[in-house]
Each structure stands twice: as C-alpha cells, then as structure tokens.
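Numbers here are sequence positions counted from 1.
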Amino acid sequence: MVWSALHRRVPLATAVLSLAIAAPAGIGATRVLLGMDLPYALVAAGAAGAVLLVVVAAYVHGVARLRTTRFRLTADRLELRVGILTRQHRAIPRDRVRSVDVKADVVRRAFGLAVVKVGTGEHTSGESAELTLNGLAAAEAESLRRTLLSGVAARESAQEDGGQAIAGLRWQWVRYAPLSIWVFVGGAVAIGAIKKVLDVFGLDVFSASMAKTVWEWLIANPWISVPVVVTGSLLVGLVGAVGLFAETWGGYRLEREAGTLRVRRGLLTRRSLTLETGRLRGVVVAEPLLLRLGGGAKVRAVAVGLRKAEGDESEEVSALTPPMPRAEAVRVASRVLHASPSPVAMAGGLDDLRPHPKAARSRRVRPALVTVAALAAAMAVADLLTGWIPAAAWALPLIALPVASALALDAYRGLGHRLTGSHLLTRAGSALRTTVALDRGGIVGWRIRQSFFQRRLGLITVAATTAAGDGHYDVLDVDASEGLDLAAQAVPGLLEPFLLRRES
C-alpha cells in the first residue's frame, strides 16, 4: 500500500493557529521595548518582528511535519510514521479499532482540515494505544472514519435502527445550562481571566491597594455590595453557561449507524465521535443536584476504548447527550442500550429499584451530624482561645445542620438496585446522583468490601468490575446476604465457588 501524506494546507493552518502564541509574544516585546525608551517606530517594528518570528517558526514546523508524517491503511492495520528529530513508527490493528474521533476547530474548518483520533482502548506502558492524524482533508477524514469502521458495519449489518437518529438538539434545553455550580463561580473565573489578559498588556488595575480599597468598601456597605456582587457574578455565570452550552452542543445529533453509535456536536469546534456498539457495556444517567432539581439529566456511555477528555474539552468523551429533560434522557438511554425489553424503557424505570436497608441511612446521617458538631466545636474552641469568631459566624453551623441532614437523607433515598434479564441497575449519590445500567455480560468480576462500621450494621458494598468506563460500579451499603445473592444471580457461576468455600 502507498504511504499518504497530510494535506498541503497544514503549514498555513499551523501558522494561523500560532497567532494565539504570537499575539502575547508581540505584547510582551512591546512592553520590554517601551521600557527601554525607544522610539515608537522601533517599538512597533520590534513587536511586529516578534509576531512574525513566531508565525514563521510555526510555518516551518508545519512544513517539517508535513514532510515527515506519513500514514497508510492496509487490509490489516493503520500505520503512522512521524517525527522530525526522533522517528516513530506506530500501528493499530484494524480489528482492534474501538472509536474514531473527528475534530475540527474554526481555523481547521476554514482550511478544510480535520484531526482524526483512532483509539483501541488498550494501554501499553501507561500510554493509550491511540493514533492521531493531525491535518487530513475533511472529506478524507470522513472517508477514513467510514473505512475503519466498515468491518464493524459488516459484522452488525442486521441492526434494527441502522442509520436512524436517536436524539437531536432542541434549543429549549438551554434552560438547563444554568443549573450548574459553574454559574455561581463564573464571576470569579471571569475576573481571574480578565486580570490575566490585563497583566499581559501591563495594566495592573487589580493592584493590592485597589483590592484593599474594594474590600473595605464591601465591608462598609454590605447591604449594597453583597446583592450587587452576587447578582453580577450570577449574570456573568449565566451568560458563560449559556455560551458554553451553545458551543459544546450546537449541531448535536446522536444516531445509530450500522454497528456503531455516532455523536456529532459543536458550534465552532465540530466534534464527531463514533463508538462500536459491540463495545458498549451500558449507560449512566447522571443527575447533578441542581440539574435534578430542575428535572433534567444527562446520559453517558459505559464503553470499552474511550479515551480521556483533554484539557480543552468541557465535556467528558463518554457524554452522549446534553442536559435534557429526565424523561427524554431515559428514552435516549433505552434506545442506546438497544435491549428488548429495555431495562429503562418505562417512564419510572429508573425509580423502580429495590431500596436499601435502614442501616444505610444511619451510615449517611451520623457522619453528617458529626461533621456539623465538629464544625461547631472547632468554632467554640477558636472563639474561646482567640475571641475572633464574630456572632454572625454562628449562623454557619445552624444553617449547615438542616442542609447536611437533608443531603444525607436524600443520599439514602437515592440508593437502589435491580437486576433485569440483561442488565444490573444501581443508583447512588445526592450531589451527583448516577443510575448505571450495566450489561451483565460485561461484568468480569466482583469486589466485595465491608468496613468495620458496615460489619456492625450487616451491610456490604458489592462492586461489579468491567473493562469499560470507570472499571467498576458499586452497589453501596446493601444487606450482606442480599448483596451476595445479587452478585451470584447477575453472573451465574462466577461467585459460587467463593461462596461455597466461605460456607465450608
């Protein structure tokens, strides 16, 4: 097979992308030259030279990468040769391809380019077996994606939902965007980002003296400053959350192609992730507290071969849906599982779970009460020794007591599990409640844990281990005998030898 090269527009795209570094370099050069009392013409020339130097260096690097990167797709594997100073030759067997991720930011889209990441989900020497082709033509990237997954399509040609959409974006779901903790810290994050930008330009508007003046004013005028600061922070966080939702989920579509699930999303930066359904081990319906109070939920995949999210990605790679109405999330989860009957097909399917013993409630309420009591005791000791605890601070434990108790009781009510013909369902959490539907065929082992306090209450935690997702999914604080029976029934024959040995 003939070795192929990246697209010839790679150097130009690399040069344009380098402007994110060139601009700060030009600003820094301007600050340095102004400090040397040079004429403005020389300052401008020096700044332009710094920018040009970075852009030219990036262009040269792009040319070198274009000339030294070669790849080819044979009948058996995908091969990649890359490296400027150190040459590397890597290969991925085609029958081990588990996911194909196609990504194109605004600059690459303008040049008709895309980045293709091919993953197997395996790890060698701590590194993921993943090949990245950075700089293919968009049409070539799509063709490569289809070719790599053509074997999957051939094996799964009998899929009932082949080529049909499972879910698509509805812009009214943007109402769930503000139901996140980031809305409350968005103002602080924005102020920090603005300060960094101003520091680059040499504008020290947030000096220590100014911060002291602002703080004194806030303390002196609490009835004015607190509502203004809180409202401003919430407004900034709200705008940021809506903007992030639009950028992350604009153009969202989840569909089932022959033997694969494909997620497409992104307003400016387009992303397309294709997963082999044969490697799907279940789904997670996640309900963070604020989103749950608003009646929303999100769906994530439990699959073999998913890479970890990178630093510039705001969502997990396993995310299958944006925040959406809970009933819609249940419907999508049912379609994704593709089981008949689906373990979450009915509207209340996620709520029809076996509750856990009342002893599990004390496992959550007591630590909450002890924590609040410890906080009050620490404040009392500090006040006794130093006398610096203001009277208003005692409202903190008074507020924390009902809040902690409510969260503890909510965490207990959230516990539940159920075994269906094809899946193990387990639910837990309060601040982040997750309901996992795990394919029983994907369970490769069990891990039984019992702490000292669990032993006194007759409880155990049963963890189903799998090669996908987080690696294990727990049934927390279940009755000891019920938990062992659950594990024995979920995967017949896997736990019985240990149970028989324990009884003997």
Side-chain angles (χ1 to χ4, degrees), residues 3-71 80-90 102-117 127 130-138 140-141 189-207 247 266-271 309-314:
W3 289 89
S4 301
L6 302 179
H7 198 278
R8 63 180 182 275
R9 287 194 289 267
V10 164
L12 290 174
T14 305
V16 174
L17 289 169
S18 71
L19 290 175
I21 302 174
I27 295 170
T30 302
R31 293 180 58 186
V32 172
L33 295 175
L34 286 174
M36 299 172 63
D37 293 329
L38 295 176
Y40 289 131
L42 290 179
V43 172
V51 172
L52 183 61
L53 180 63
V54 173
V55 173
V56 170
Y59 183 84
V60 171
H61 180 269
V63 171
R65 190 161 59 86
L66 178 64
R67 292 181 177 276
T68 58
T69 302
R70 294 291 184 271
F71 70 95
L80 174 65
R81 288 180 179 174
V82 65
I84 298 174
L85 299 178
T86 303
R87 299 288 292 171
Q88 293 183 353
H89 185 178
R90 301 181 58 195
V102 181
K103 177 181 175 181
D105 54 33
V106 176
V107 173
R108 290 185 175 90
R109 285 171 57 192
F111 284 96
L113 303 177
V115 179
V116 179
K117 294 185 178 181
E127 296 183 358
E130 179 180 88
L131 289 187
T132 300
L133 301 175
N134 186 354
L136 298 185
E140 185 179 9
V189 174
I191 291 174
I194 293 172
K195 183 180 185 303
K196 287 186 177 181
V197 173
L198 293 177
D199 287 343
V200 171
F201 285 92
L203 302 176
D204 189 15
V205 297
F206 295 100
S207 61
E247 158 57 16
L267 192 62
L268 299 178
T269 299
R270 297 282 178 84
R271 292 179 174 88
E310 298 177 349
D312 62 341
E313 294 179 321
S314 59

*Asks:* Would you say that Leu42 contacts Leu33 through its side chain, given a criterion of any heavy-atom pair below 4.5 Å between the two side chains?
*Replies:*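 No, side chains not in contact.
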
*Asks:* Can you give me the closest heavy-atom contact between Ala5 and Phe71, atom names plus distance?
*Replies:*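 Taking Ala5 first and Phe71 second, the nearest heavy atoms are O-CE2, 3.7 Å.
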
*Asks:* Testing the basics here: between Ala15 and Ala58, what is the closest heavy-atom pair and its distance to 0.1 Å?
*Replies:*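 Nearest heavy atoms, Ala15 then Ala58: CA-CB, 4.2 Å.
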
*Asks:* Is there a side-chain contact between Leu131 and Val116 in this structure, where contact means two heavy atoms from C-beta onward sitting under 4.5 Å apart?
*Replies:*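 Of all side-chain heavy-atom pairs linking Val116 with Leu131, none is under 4.5 Å.
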
*Asks:* Which heavy atom of Ala104 sits nearest a heavy atom of Leu113, and at what distance?
*Replies:*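 Closest heavy-atom pair between Ala104 and Leu113: CB-O, 3.5 Å.
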
*Asks:* Write down the atom of Ala47, the atom of Gly26, and the distance for their closest heavy-atom approach.
*Replies:*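 It is CB-O, 3.7 Å.
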
*Asks:* Contact between Asp105 and Leu17 at the side-chain level, heavy atoms closer than 4.5 Å - yes or no?
*Replies:*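 Yes - at least one pair of side-chain heavy atoms lies under 4.5 Å apart.
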
*Asks:* Is a donor on one side and an acceptor on the other found under 3.5 Å between the side chain of Arg9 and the backbone of Phe111?
*Replies:*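 At least one qualifying donor-acceptor pair exists.
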
*Asks:* Check whether Arg67 reaches the backbone of Val63 with its side chain - one donor and one acceptor, N or O, closer than 3.5 Å.
*Replies:*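 Checking the backbone N and O of Val63 against the side chain of Arg67, no donor-acceptor pair under 3.5 Å is found.
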
*Asks:* Please determine whether side chain to side chain contact (heavy atoms under 4.5 Å, CB included) holds for the pair Arg87 and Thr68, giving the CA-CA distance in whole Å, both sets of side-chain angles, and the decisive distance to 0.1 Å.
*Replies:* CA-CA 9 Å; Arg87 299 288 292 171; Thr68 58; 3.3 Å; yes

*Asks:* Please evaluate residues Val115 and Thr132 with respect to the criterion side chain to side chain contact (heavy atoms under 4.5 Å, CB included), reporting the C-alpha separation (whole Å), side-chain torsions for both, the decisive distance (0.1 Å), and the verdict.
*Replies:* CA-CA 7 Å; Val115 179; Thr132 300; 3.8 Å; yes

*Asks:* Do you know which two heavy atoms are closest between Leu66 and Arg8, and how far apart they sit?
*Replies:*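 It is CD2-CA, 4.0 Å.
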
*Asks:* Measuring from Ser18:OG to His61:NE2, what's the distance to the nearest 0.5 Å?
*Replies:*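 Between atom OG of Ser18 and atom NE2 of His61 there are 11.5 Å.
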
*Asks:* Measure from the side-chain N and O atoms of Arg90 to the backbone N and O of Glu130, and report whether any donor-acceptor pair falls under 3.5 Å.
*Replies:*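 The answer is yes, because a donor-acceptor pair under 3.5 Å joins these two groups.
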
*Asks:* Do side-chain atoms of Arg65 reach the backbone of Asn134 as a donor and acceptor pair under 3.5 angstrom?
*Replies:*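 Flag set: sc Arg65 to bb Asn134 pair under 3.5 Å.
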
*Asks:* Out of curiosity, Thr269 OG1 to Arg108 CZ, how far, rounded to the nearest 0.5 Å?
*Replies:*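 Between atom OG1 of Thr269 and atom CZ of Arg108 there are 9.0 Å.
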
*Asks:* Can a donor-acceptor pair be found, under 3.5 Å and without considering hydrogens, that links the side chain of Arg270 to the backbone of Val102?
*Replies:*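 Looks like no, no N/O pair under 3.5 Å.
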
*Asks:* Could you tell me the separation between the OG1 atom of Thr69 and the CZ atom of Arg81, rounded to the nearest 0.5 Å?
*Replies:*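 If we round to the nearest 0.5 Å, Thr69:OG1 and Arg81:CZ are 12.0 Å apart.
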
*Asks:* Work out which heavy atom in Ala25 is nearest to a heavy atom in Ala50; give both atom names and the distance.
*Replies:*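 So the minimum-distance heavy-atom pair works out to O-CB, 4.1 Å.
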
